[in-house]
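So you know, we letter chains A, B, ... as the sequences are listed, proteins then strands, and number each from 1.
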Amino acid sequence: MRDSAAADKRVEALRRLYPEASLELVFDNPFQLLISVILSAQCTDARVNQVTRVLFSRCPTPQDILALSQEELEEMVRPTGFFRNKAKAVRACCQELVDRYGGRVPGTLEEFVRLPGVGRKTAAMVLGNALGVHEGIAVDTHVKRVSQRLGLSSAKTPEKIEADLMQLLPREDWTWFSNALILHGRRVCKARKPDCQACGLAPWCPYPDQA
DNA sequence: CTCCCGATAT
DNA sequence: ATATCAGGAG
């Protein structure tokens, strides 16, 4: 077992800094969050929100998205990048929702990760933030980087990092924790130039201060 | 491991 | 000008 007392200090500090951490994606229901997260890869949340505002007003349901031609859908999601892949994933995913789940999203992580274009990260994020079902911790690039710098995990793969993080706090806090690490990774503990000066976690962080 | 697209940091 | 960045599929 690792130094869980030290890890607790960092988790507590994170809670003080981001007590109400939530996603910056705008959504009205679990279906909308699912599509938003699929579109969010390598794209700012602000841009995803611009695209989904139009997309969801025209297509509130999976059935409505399936009624679009592939080309129309591609044009609508184009600004988010990887638009052919994303349009394909969104369409395939909507098809599954209609065929297997009556046009709604499933309720377990196991079912989620079987959806086309949905891996553990997307599944945990949607389940936790839209349904309050905390079955996992969404490990994206921010969570990975921040966890490693803070010394909360020395694992390399998202699955192992997730397992390490799950040990640190109770299930009902998993979604908050992921959200907080993401916010911290975006605002302070950035990939290129981490702002260690301004970091509220610095007193407990083993990561070497660059400047 | 490569591919996918385009925004943004360097 | 160019390298980096993200998540999932193949």
Query raised in the report: So does A/D173 pair up with A/R15, basic N to acidic O under 4.0 Å?
Result: yes

Report summary line: Smallest heavy-atom separation, A/L109 atom then A/E135 atom, equals N-OE2, 3.1 Å

Report summary line: Counted 5' to 3', the first and last nucleotides of DNA chain B within 4.0 Å (strictly under) of a heavy-atom of chain A are B/dC4 to B/dT10

Query raised in the report: Taking atom C1' in both B/dC3 and C/dT4, what distance in whole Å separates the two?
Result: 16 Å

Report task. Select base, sugar-phosphate, or nothing to describe what A/T122 touches, counting heavy atoms under 4.0 Å on all strands. Result -> sugar-phosphate

Query raised in the report: Near DNA chain C, which residues from residues 21-30 of chain A have a heavy atom under 4.0 Å away?
Result: none

Query - Nearest-Å distance for atom pair NZ/C1', residues A/K144 and C/dG7 - result: 12 Å

Query raised in the report: Taking the same atom, P, in B/dA7 and in C/dG8, what whole-Å distance lies between them?
Result: 22 Å

Query raised in the report: Salt bridge check: are A/E24 and A/R186 linked by an N-O gap of less than 4.0 Å?
Result: yes

Query - Separation of atom NZ in A/K190 from atom P in C/dT4, rounded to whole Å - result: 18 Å

Report task. Please determine if A/E74 and A/R91 form a salt bridge, counting it only when a charged side-chain N lies under 4.0 Å from a carboxylate O. Result -> no

**Report entry** Ion pair check, A/R78 and A/E75, cut-off under 4.0 Å
**Finding:** yes

Query raised in the report: Is a side-chain donor or acceptor of A/R149 paired with a backbone partner of A/Y207 at a separation under 3.5 angstrom?
Result: no

Query raised in the report: Is there a side-chain contact between A/L181 and A/L165 (heavy atoms, below 4.5 Å)?
Result: yes

Report task. Assign the ring pair A/Y18 / A/H184 to parallel, tilted or perpendicular, where the plane angle (0 to 90°) is split at 30° and 60°. Result -> perpendicular

Report task. Map A/V113 and A/H142 onto DNA chain C by nearest heavy atom, then report which one ends up closer to the 5' terminus. Result -> A/H142

Report task. Looking at every strand, decide which applies to A/P158 at a 4.0 Å heavy-atom threshold: base, sugar-phosphate, or nothing. Result -> nothing

Query - Test: A/E162 and A/R120 ion pair at under 4.0 Å - result: yes

Query - A/K190 atom NZ, neighbour heavy-atom count above 12 within 6.0 Å - result: yes

Query - Length of the CZ-P vector between A/R114 and C/dG8, whole Å - result: 16 Å

Requested in this report: Using atom types as modelled and distance alone, determine if a side-chain donor or acceptor of A/K9 lies under 3.5 Å from a backbone N or O of A/W204.
Outcome: no

Report task. Please tell me which of A/V118 and A/A191 maps to the more 5' nucleotide of DNA chain C, matching each residue to the nucleotide holding its nearest heavy atom. Result -> A/A191

**Report entry** Which residue lies more 5' along DNA chain B, comparing A/R84 with A/K193 via nearest heavy atoms
**Finding:** A/R84

Requested in this report: Check each residue of residues 43-58 of chain A for a non-hydrogen atom within less than 4.0 Å of any atom in DNA chain C, then write out the ones that pass by number, or none.
Outcome: none

